[in-house]
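What follows is one structure encoded as structure tokens, with my remarks underneath.
Just follow the structure's listing: the first ligand is 1, and inside any ligand the first atom is 1. Side chains included, hydrogens not; waters and symmetry mates left out as well; all remaining heavy atoms used. Quantities reported herein were computed from a predicted structural model and do not represent experimental measurements.
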Amino acid sequence: MYGMIVHGGAWDIPDDIVDAHLTGVKKAIEIGLDILKNGGLAEEAVEAAIGYMEDDPVFDAGKGSFLNRNGEVELDAIMYHGTLMGFGACMCVKTVKNPIKLARMLMKENEVSILAGSGADAYAKNQGLEIVDNSYFVVEREKKRFGELKTKNLHPSAFFHHGTVGAVALDSQGNIVAGTSTGGTPNKLPGRVGDSPIPGAGAFANPVAGASATGYGEAILRCLLTFRACDAVEKGCSPSLACKEAVRFLEEKTGMFAGLIVLRNNGESGFAYNTPRMARAYLKNGKIVAEV
Ligand code: ASP
């Protein structure tokens with residue numbers, strides 16, 4: 001048995017980019033499922049699905065990410081292996097084309113689990129990962145947004161239109177792996193780290209379930225949203241109810257917004273969000289469903 005669920009951010013996704021989101025999450029899960037179908041590992045499926053969305057400029061991950069206050073892109077990613085209880089994460093990287101690949105690499109490291117900033121960029125280069133100039137990540141749409149944020153003095157939340165990406169996969173060997181990758185929030189302070197690369201916040205997995213989150217990073221951090229949901233599933237809760245309860249808890253305690261996906265080791269998936277929309281793709285009766 002195998003299974004997978006992916007998300008492409010939970011915000012007020014405008015109508016004109018809904019189709020691009022649906023196409024992106026559908027393609028990402030197809031890539032992941034193809035790997036799983038052929039006996040590949042959950043970590044390979046998560047890396048490939050998230051890697052695809054990092055390359056797709058529609059999402060706030062890799063190319064197309066929001067710019068920070070200096071007009072640069074800083075990226076965060078995590079991969080969490082539930083069966084092995086191991087994770088790898090990178091923060092504030094500026095030159096690693098696919099931060100999820102670095103996160104997976106760090107998941108295999110004995111010496112270190114998290115690398116940040118220039119140390120993370122240097123490690124990735126030494127390990128032979130693809131390195132790009134920061135300008136590779138910067139697209140026209142985000143340059144325009146950056147300009148508007150500066151001149152109109154708007155709150156960055158007025159621009160929360162697209163988001164972080166995430167995936168959870170179960171392979172035929174029973175491994176559960178979760179991953180998340182992001183460019184963070186628009187106009188963020190250089191060096192700002194949200195929930196995405198933090199274990200238990202942006203992603204978590206235990207031997208029974210894996211989860212990936214998106215939304216207001218500072219609120220997700222306070223609630224350890226993905227840990228909360230996976231723990232509930234381990235104690236017998238369904239993935240769907242675990243997601244609803246975790247998002248309800250976050251809303252009640254912080255008044256903020258988030259979206260969450262969970263996959264259990266029987267292939268059952270669940271999701272919940274309190275934002276207007278969340279892009280996601282999952283399996284229902286063996287068929288891919290993509291929704292916002
Ligand atoms: N949670 C991410 C962050 O705060 C943003 C997002 O999910 O869109 O960095």
Side-chain angles (χ1 to χ4, degrees), residues 5-14 17 21 24-25 28 50 53-54 56-69 72-78 80 89-94 99-100 103 114 116 137 141-142 145 149 155-168 178-204 211-229 243 246-247 250-251 254-261 271-280 292:
I5 180 165
V6 308
H7 74 77
W11 296 109
D12 194 2
I13 302 167
I17 50 171
H21 276 74
V25 291
I50 290 185
M53 292 189 280
E54 287 175 337
D56 184 344
V58 81
F59 302 106
D60 175 32
K63 193 178 182 70
S65 288
F66 292 127
L67 309 188
N68 70 12
R69 221 162 279 188
E72 284 185 318
V73 166
E74 282 181 330
L75 303 165
D76 310 324
I78 183 170
Y80 206 117
C90 57
M91 302 170 184
C92 298
V93 297
K94 290 186 184 178
I100 194 65
I114 303 178
F137 300 111
R141 179 194 68 220
E142 296 311 320
R145 198 191 308 277
L149 269 162
H155 189 268
S157 61
F159 289 97
F160 283 168
H161 287 164
H162 68 302
T164 297
V165 303
V168 192
T180 304
S181 180
T182 190
T185 48
N187 210 31
K188 66 184 180 183
L189 280 171
R192 178 262 185 191
V193 175
D195 60 301
S196 304
I198 306 296
F204 185 74
S212 169
T214 173
Y216 275 98
E218 285 67 18
I220 297 169
L221 279 165
R222 282 162 64 192
C223 299
L224 288 181
L225 201 65
T226 53
F227 171 78
R228 180 170 289 274
C243 287
V247 172
L250 176 136
E251 186 173 322
T254 70
M256 291 297 184
F257 299 98
L260 185 61
I261 56 169
F271 59 85
Y273 53 99
N274 63 347
T275 48
R277 284 171 162 162
M278 176 168 78
R280 72 262 179 197
V292 289

Which atoms of ligand 1 have any heavy atom of [X] under 4.0 Å away?
{"X": "S196", "value": "1 (N), 2 (C)"}
{"X": "G184", "value": "9 (O)"}
{"X": "D195", "value": "1 (N), 2 (C), 3 (C), 4 (O)"}
{"X": "G163", "value": "8 (O)"}
{"X": "T214", "value": "6 (C), 7 (O), 8 (O)"}

Report yes or no: does [X] contribute a side-chain atom to a donor-acceptor pair with the main-chain N or O of [Y] at less than 3.5 Å?
{"X": "R277", "Y": "W11", "result": "no"}
{"X": "S65", "Y": "G62", "result": "yes"}
{"X": "R141", "Y": "G64", "result": "yes"}
{"X": "D76", "Y": "C92", "result": "yes"}

Would you say ligand 1 has an N or O under 3.5 Å from any N or O of [X]?
{"X": "G215", "answer": "yes"}
{"X": "G194", "answer": "no"}
{"X": "W11", "answer": "yes"}

Sequence neighbours excluded, every pair satisfying salt bridge (Lys or Arg N to Asp or Glu O under 4.0 Å) that has a member inside residues 182-192: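 Pairs touching residues 182-192 that pass the test: R192-E218.
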Minimal non-hydrogen separation, N274 against A258, with atom names: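 So the minimum-distance heavy-atom pair works out to OD1-N, 2.8 Å.
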Could you establish whether G9 and ligand 1 come within less than 4.0 Å of each other, counting only heavy atoms on the residue side?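 Outside the 4.0 Å threshold, so no.
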Fit a plane to each ring of F227 and F204, take the angle between them on a 0 to 90° scale, and name the class: parallel (under 30°), tilted (30 to 60°) or perpendicular (over 60°).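 The arrangement is perpendicular - the two ring planes meet at more than 60°.
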Can you figure out which of K188, R192, M278 has its heavy atom closest to atom 4 (O) of ligand 1?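 Residue with the shortest heavy-atom distance to the ligand atom: R192.
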Mind checking side-chain contact (heavy atoms from CB on, under 4.5 Å) for A203 and listing every partner two or more places apart, or none if nothing turns up?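 I78, A178, T180.
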List the closest protein heavy-atom neighbour of atom 6 (C) of ligand 1: residue, atom name, distance to the nearest 0.1 Å.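 Answer, as residue, atom name and distance: T164 OG1, 2.6 Å.
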